[in-house]
Protein chains: 2
Amino acid sequence: MGHEPVTIDELLEQLRGRGQRATTARRAVLEELLAAGEGHLAAEELARRIQTRHPAIHLSTIYRTLDALTDAGIISLARFGDQPATYHLTTDVHHHAVCTACGSTLNLDPAVFEPVRRRLLRDHGFHADPHHLTIAGLCRRCSASG
Amino acid sequence: MGHEPVTIDELLEQLRGRGQRATTARRAVLEELLAAGEGHLAAEELARRIQTRHPAIHLSTIYRTLDALTDAGIISLARFGDQPATYHLTTDVHHHAVCTACGSTLNLDPAVFEPVRRRLLRDHGFHADPHHLTIAGLCRRCSASG
DNA sequence: CTTGATGCAAATGGTTTGCATGTTT
DNA sequence: AAACATGCAAACCATTTGCATCAAG
């Protein structure tokens with residue numbers, strides 16, 4: 001479901017296909033996102049992690065890298081509430097349920113949304129992007145304690 | 001005339017119930033959001049419209065008002081892409097499909113999401129908020145021209 | 001060697017906040 | 001009168017950008 005087998009080199013190759021370059025910074029960003037698995041990382045957190053190994057890589061470079069990778073469709077942006085933008089590999093297809101109380105997130109089986117996706121297409125001609133769906137609400141724990 | 005679903009005065013009464021006050025600014029914000037119908041308004045746009053009638057109302061007051069109304073559950077926040085936060089009346093229940101190319105939005109029948117909502121509850125104990133769902137994708141026009 | 005990528009610092013833009021003052025209850 | 005709300009200006013913070021330098025192809 002979620003993960004197809006992808007290597008960093010394959011992803012960097014995609015970038016080269018668009019006339020862009022495979023640099024240390026870009027490799028590092030992809031490595032961290034791959035290591036994060038289903039997690040979502042914001043630019044600052046990504047920078048913090050990367051800088052333990054590559055102290056020279058600047059935060060602004062992370063931002064530019066995230067832009068480039070997003071434009072290439074290699075990574076996807078997910079926004080939770082008014083927190084900073086987070087990113088994950090596009091190959092990691094899933095949807096998000098975010099608890100508005102504690103901020104925890106749940107990753108959902110994409111199949112659940114198939115009926116919705118089909119209906120959007122049929123009724124409105126709208127092509128839903130399969131990677132960007134977010135539902136807000138209360139997780140089990142917070143709705144119990146609230 | 002049937003039963004109006006909400007009046008401004010009822011909404012302001014809700015605020016008073018929380019120990020807060022019914023002021024010109026708050027009334028003006030609610031008036032604009034009501035007038036906007038299904039539209040979503042950002043703080044700046046809201047300020048622009050309100051200031052034609054109440055030039056003294058400051059943008060920072062709009063922000064504080066939006067916070068207060070959101071905390072009271074009277075209005076809801078919807079974020080589209082990396083554009084500024086937008087708000088709409090909570091009573092206006094609908095979901096959003098947003099075109100990532102042209103920014104146009106589509107309001108969707110909440111019934112479409114019922115199966116998803118039920119499944120989230122049953123499988124994950126997650127109580128989905130019915131007002132905050134956003135799907136990204138390409139609208140009919142942009143997917144045709146793209 | 002050519003062009004894209006980076007580091008740095010400075011700018012941006014939406015949003016928040018401290019404080020003195022005005023308004024609602 | 002007591003709290004809350006507001007205007008204003010300044011602070012904030014995530015993100016972007018101009019420019020000189022560096023590195024990938």
Side-chain angles (χ1 to χ4, degrees), chain A residues 8-9 11-31 40-51 53-72 74-87 103, chain B residues 8-9 11-31 40-51 53-72 74-87 103:
Chain A
I8 306 261
D9 288 319
L11 296 175
L12 289 175
E13 201 49 47
Q14 272 186 58
L15 259 195
R16 283 209 202 80
R18 298 172 52 103
Q20 314 201 95
R21 292 173 184 176
T23 66
T24 314
R26 291 168 178 195
R27 180 175 296 273
V29 166
L30 289 174
E31 282 168 358
H40 309 84
L41 296 181
E44 300 258 15
E45 175 61 18
L46 219 27
R48 204 176 352 268
R49 297 188 185 189
I50 287 174
Q51 285 166 355
R53 288 176 295 137
H54 309 277
I57 293 183
H58 197 275
L59 177 57
S60 71
T61 299
I62 307 281
Y63 277 109
R64 283 192 273 227
T65 295
L66 291 171
D67 270 10
L69 293 172
T70 302
D71 284 353
I74 295 171
I75 66 178
S76 301
L77 183 158
R79 291 205 127 214
F80 299 136
D82 42 11
Q83 284 152 242
T86 65
Y87 298 82
Chain B
I8 306 258
D9 288 318
L11 296 174
L12 290 174
E13 201 50 47
Q14 271 186 60
L15 258 195
R16 286 208 199 82
R18 297 172 53 103
Q20 312 201 96
R21 293 171 183 177
T23 65
T24 314
R26 291 169 178 193
R27 180 176 297 273
V29 166
L30 289 175
E31 283 169 357
H40 309 85
L41 296 182
E44 301 258 14
E45 175 61 16
L46 219 28
R48 204 175 352 267
R49 296 188 186 190
I50 288 173
Q51 285 165 356
R53 288 176 295 136
H54 308 277
I57 293 183
H58 197 275
L59 176 58
S60 71
T61 298
I62 307 282
Y63 277 109
R64 283 192 273 228
T65 295
L66 291 171
D67 270 7
L69 294 172
T70 301
D71 285 352
I74 295 171
I75 65 177
S76 300
L77 184 158
R79 292 206 128 211
F80 300 135
D82 43 10
Q83 284 152 244
T86 65
Y87 299 83

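Below, chains carry the letters A, B, ... as their sequence lines are ordered, and counting in each starts from 1.
- Donor-acceptor pairing under 3.5 Å, judged by distance alone, is absent between the side chain of A:Arg64 and the base of C:dG4.
- One interatomic measurement links the two molecules: CZ of B:Arg48 to P of C:dG13, which rounds to 14 Å at whole-angstrom precision.
- Between the CG atom of A:Leu59 and the C1' atom of C:dA11 there is a distance of 15 Å, given to the nearest Å.
- Rounded to whole Å, the distance from CG on A:Leu12 to C1' on C:dA5 is 14 Å.
- Put simply, CD on A:Gln83 is 13 Å from P on C:dT16, counting in whole angstrom units.
- Taking atom CZ of B:Arg18 as the reference point, atom P of D:dA5 lies 11 Å away to the nearest angstrom.
- Under the 3.5 Å distance criterion, the side-chain polar atoms of A:Thr61 are left unmatched by any main-chain donor or acceptor of A:Ile57.
- Between A:Gln20 and B:Ala68, the residue anchored nearer the 5' end of DNA chain D, judged by the nucleotide with its closest heavy atom, is B:Ala68.
- Of the candidates D:dT6, D:dA14, C:dG7, C:dG7 carries the atom nearest the A:Ile57 side chain, counting heavy atoms from C-beta on.
- A:Arg21 has its CZ atom 6 Å from the C1' atom of D:dG25, to the nearest Å.
- In this structure, B:Tyr87 and B:Thr70 have side chains that are in contact, with non-hydrogen atoms separated by less than 4.5 Å.
- Note on A:Ala42: nothing from the nucleic acid sits closer than 4.0 angstrom, heavy atoms only.
- Side-chain proximity of B:Glu44 to the nucleotides D:dT17, D:dG25, C:dG14 is greatest for C:dG14.
- Of all nucleotides listed (D:dA23, C:dG7, D:dT16), D:dT16 comes nearest to the side chain of A:Asp67.
- Atom-to-atom, CZ of B:Arg26 to P of D:dG7 comes out at 11 Å; the value is rounded to the nearest Å.
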Practice problem: Take B:Glu45 and B:Arg49 through the salt bridge (Lys or Arg N to Asp or Glu O under 4.0 Å) test and state the conclusion after the steps. | Solution: CA-CA 6 Å; B:Glu45 175 61 16; B:Arg49 296 188 186 190; 2.7 Å; yes
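- With respect to the salt-bridge test (charged N to carboxylate O, under 4.0 angstrom), the residues A:Glu13 and A:Arg18 do not qualify.
- Checked for salt-bridge contact, A:Arg27 and A:Asp9 meet the test: a charged N lies under 4.0 Å from a carboxylate O.
- Note on B:Ala25: only backbone sugar-phosphate atoms sit closer than 4.0 angstrom, heavy atoms only; bases stay farther off.
- A sub-4.0 Å separation between OP1 or OP2 of D:dT16 and a side-chain N or O of A:Tyr63 is absent.
- A sub-4.0 Å separation between OP1 or OP2 of D:dG25 and a side-chain N or O of A:Arg16 is present.
- Separating the CG atom of B:Leu41 from the C1' atom of C:dG14 is a distance of 16 Å, rounded to the nearest angstrom.
- In this structure, B:Thr23 does not reach the D:dA5 phosphate: none of its side-chain N or O atoms is under 4.0 Å from OP1 or OP2.
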